[in-house]
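Here's the structure we're looking at; comments come further down.
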Number of protein chains: 2
Amino acid sequence: MSSEKSFYSSGELAELAGLSTDTLRHYERKGVLARPLRKANDYRQYPASALQRVRLIRRAIAVGFTLDELASVLKVRDSGGAPCMEVRALAEAKLSDIETRLREMSELRKELRAVLKDWDTRLEQRAPGQRAHLLESLNAGRNGGLGNRRQGSVNLAKKKREMRSK
Amino acid sequence: MSSEKSFYSSGELAELAGLSTDTLRHYERKGVLARPLRKANDYRQYPASALQRVRLIRRAIAVGFTLDELASVLKVRDSGGAPCMEVRALAEAKLSDIETRLREMSELRKELRAVLKDWDTRLEQRAPGQRAHLLESLNAGRNGGLGNRRQGSVNLAKKKREMRSK
DNA sequence: CTTGACCCTGGAATTAGTTCCACCCTTTAC
DNA sequence: GTAAAGGGTGGAACTAATTCCAGGGTCAAG
C-alpha cells in the first residue's frame, strides 16, 4: 500500500510539492531546505522528509514568514538546540500575526461572499437603472480594532524618514 | 461625538491608515485609490471615504489580491457597471483562495501554538539530553488535501518552462 | 553517436509592493 | 525672510520570492 518512494529527484520533489526545481534550489540557497545527498552524478537525492519540509515551508510562507525568518527558526530546530529568545519571540510574533490575519481574512471572506451574491442577484434581475452596489459592501466592513499593521516589518516608513531628517 | 474630519491631508490619511504617503501615492498610481481633489496649493484632500478605501485595499492585499487585480475589480465597482465575467471570476477565485488560506493558517496557528508550548515546557524542564522536538510537530501536520497552490498566480512555473521547451 | 529528458550552476532578471531620492513649492512661526 | 514642517513629482532603488538563462553534464533509447 505504501506507494511512497524514499528518495526523490529534484524534478519529482518539485512536482509533488507543486513548485519548480528552481524554487527548490532557492530554498536550499536560503537555508530552509537542507542540502540533500547527491548521487554519483551529482543529482540531488531528496529524502521523503524533504517533501514535508517543503510543505511546511509553503505553509509558513503563506502565513507570512520570510524565508530568512524561517531559516533562523529551522536552523534551531534542525540542530536541536534550545531556541534563543530571539527565535522564540519571532515565532510568537508570527503567531499573533497569524491570528490577526485570520480575523481579517474571515472578515474579507464574508464580504467577498456577500459581494458575489449581490452581483449575481443583480445580474439576474437585470433592473437596468439598478447600478449595483458591488463592492460597496466591502468598503463598509467594520473597521473596528484592526487597521494597519503589516505582515512582517510593520510601519517603518515614516520612522526611517524621521530618523534621517533629524 | 463624531470626532471625524471630513477631509484628510495625505499625511493624516497615511497616519490613520498606518502607511506612508509614498504608499498612498503608489495606490493612486496603480489605480486602486482615486485621485483626490486638490486644494489651491495642490495638496491632496482626501474625503473620509478614502480611509475606508485604503483599509479595504490593505485587507485585500493581506488576503492575496494584487493591486492590479484589485484595480480591475474596483474600477468596475467605482463606475457602477455590471461586473464583466472576468471580474466576477476573479472575485470568486480569490474567495476560494481565501478559504484555502484560512484553512492553512489555522492549521499553522495550531502548529505554532504547539511549538511554542513545547519550547517553553522544554526550556523549563531543562532536561539536558532532551533535544527538543521544537518544530518537529510542524513537519508532522496533516498534509491531506492541501498541498501546493500559491496565493494568486498558481503554478505557472513549469508550465511556462514546458511551453518554451516545446 | 545523437537525441531527448533531466540535472547542475551561478548570476541575471522579473514581479509586486514599498520606499528613497532630489528637487521644488507653501504655510506658519519667529 | 528664513527655518521647519508638510506637500508634490517622477523615477530610481530596494526586498522577497521566483523565474530565466546560458553553458555544461548524465543517461537511456534508437
Side-chain angles (χ1 to χ4, degrees), chain A residues 7-15 17-33 35-46 54 57-58 60-62 64-71 148 150-166, chain B residues 7-15 17-33 35-46 54 57-58 60-62 64-71 148 150-166:
Chain A
F7 286 98
Y8 305 120
S9 70
S10 48
E12 291 168 337
L13 180 56
E15 174 83 357
L19 35 69
S20 70
T21 57
D22 270 326
T23 303
L24 288 180
R25 274 203 317 130
H26 182 55
Y27 288 169
E28 199 176 309
R29 290 196 271 220
K30 285 302 226 172
V32 289
L33 182 58
R35 281 182 270 339
L37 294 175
R38 300 304 187 94
K39 300 204 305 187
N41 44 10
D42 226 36
Y43 285 15
R44 287 174 178 78
Q45 246 188 326
Y46 290 102
V54 172
I57 296 168
R58 311 270 334 143
I61 287 177
F65 271 87
T66 278
L67 288 183
D68 288 335
E69 291 170 333
L70 241 195
N148 50 357
R150 309 245 236 330
Q151 330 196 159
S153 47
V154 201
N155 250 14
L156 313 172
K158 63 175 36 187
K159 290 180 185 163
K160 277 186 192 163
R161 187 159 285 191
E162 274 154 18
M163 295 203 70
R164 87 176 43 243
S165 68
K166 185 169 44 178
Chain B
F7 286 98
Y8 304 119
S9 70
S10 48
E12 291 167 338
L13 180 56
E15 174 82 358
L19 35 69
S20 69
T21 57
D22 271 325
T23 302
L24 287 180
R25 274 203 316 130
H26 182 56
Y27 289 170
E28 199 176 310
R29 290 195 271 220
K30 286 301 228 171
V32 289
L33 181 58
R35 284 182 268 339
L37 294 175
R38 301 302 187 95
K39 301 206 303 189
N41 44 9
D42 225 35
Y43 285 15
R44 288 174 177 78
Q45 246 189 326
Y46 290 101
V54 172
I57 295 168
R58 309 259 348 133
I61 286 177
F65 271 85
T66 280
L67 287 184
D68 288 335
E69 292 171 333
L70 240 196
N148 51 357
R150 310 248 234 329
Q151 332 197 159
S153 47
V154 201
N155 250 14
L156 313 173
K158 59 176 39 184
K159 290 183 185 162
K160 276 187 192 161
R161 186 159 285 192
E162 275 156 18
M163 295 204 68
R164 86 175 44 244
S165 68
K166 185 169 43 177

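Within every chain, numbering begins at 1; the chains are lettered A, B, ... in the order of the sequence lines, protein sequences first and strands thereafter. Values reported hereafter were calculated over all heavy atoms of this structure, with side chains retained and with hydrogens, waters and symmetry mates removed.
Across every non-hydrogen atom of B:Gly31 and B:Ala71, the tightest pair is O-CB, 3.9 Å. Shown here for A:Glu28 and A:Pro36, the closest heavy-atom pair between the two residues is OE1-CD, 3.6 Å. Between A:Ser20 and A:Ala14, the shortest heavy-atom distance links the atoms C-CB, 3.8 Å. In terms of heavy-atom proximity, B:Ala60 sits nearest to B:Leu70 at CB-CD1, 3.8 Å.
Taking side-chain N and O atoms only, A:Ser9 has a distance below 4.0 Å to OP1 or OP2 of C:dC7. At the phosphate of C:dT18, OP1 or OP2 sits under 4.0 Å from a side-chain N or O atom of B:Arg58. Listed pair B:Thr23 / C:dT18 fails the phosphate criterion, with no side-chain N or O lying under 4.0 Å from OP1 or OP2.
Inter-axis angle, ends of the helix from C:dC1-D:dG30 to C:dC30-D:dG1, five pairs per end, rounded to 10 degrees: 10°.
What separates CD of B:Glu28 from C1' of D:dG7 is a distance of 13 Å, to the nearest Å. B:Asp68 has its CG atom 6 Å from the P atom of C:dA16, to the nearest Å. We find that CZ of B:Arg35 is positioned 16 Å from C1' of D:dG10, with the value rounded to whole Å. If you take CG of B:Asp22 and P of C:dA22, they are 14 Å apart, rounded to a whole angstrom. Look at OH on B:Tyr8: it is 19 Å from C1' on D:dG7, rounded to the nearest Å. Separating the CG atom of B:Leu13 from the P atom of D:dG8 is a distance of 11 Å, rounded to the nearest angstrom. In this structure, B:Tyr46 places its OH atom 10 Å from P of D:dG7, rounding to the nearest Å. In this structure, A:Gln45 places its CD atom 11 Å from P of C:dC8, rounding to the nearest Å.
Looking at heavy-atom distances under 4.0 Å, B:Arg38 makes contact with sugar-phosphate atoms alone, never a base. A:Arg44 comes within contact range of the sugar-phosphate backbone alone, with a heavy-atom separation under 4.0 Å but no base atom that close.
Between the side chain of B:Tyr27 and the base of C:dG17, no donor-acceptor pair under 3.5 Å is found. Scanning atom types as modelled, one donor and one acceptor separated by under 3.5 angstrom connect the side chain of B:Arg25 and the base of D:dG10. Side-chain to base pairing of B:Tyr43 with D:dG6: one donor and one acceptor N or O lie within less than 3.5 Å of each other. In this model, no side-chain donor or acceptor of B:Asp42 finds a partner on the base of C:dC25 within 3.5 Å. With hydrogens and angles left out, the side chain of A:Asn41 and the base of C:dC8 share no donor-acceptor pair within 3.5 Å.
Using a 4.5 Å heavy-atom cutoff, the side chains of B:Arg44 and B:Arg38 are in contact. A:Leu67 is listed as a side-chain neighbour of A:Ile57, based on a closest heavy-atom distance under 4.5 Å.
Put simply, OG1 on B:Thr66 and CD1 on B:Ile61 are 8.5 Å apart, with the number rounded to the nearest 0.5 Å.
Within a 6.0 Å sphere centred on CZ of A:Arg35, other residues, nucleotides and ligands contribute 12 heavy atoms or fewer.
Both B:Ser10 and B:Arg29 lie close to DNA chain D; mapped to their nearest nucleotides by heavy-atom distance, the more 5′-ward contact belongs to B:Ser10. In terms of position on DNA chain C, the residue among B:Ala40 and B:Leu67 whose nearest nucleotide sits closer to the 5' end is B:Leu67.
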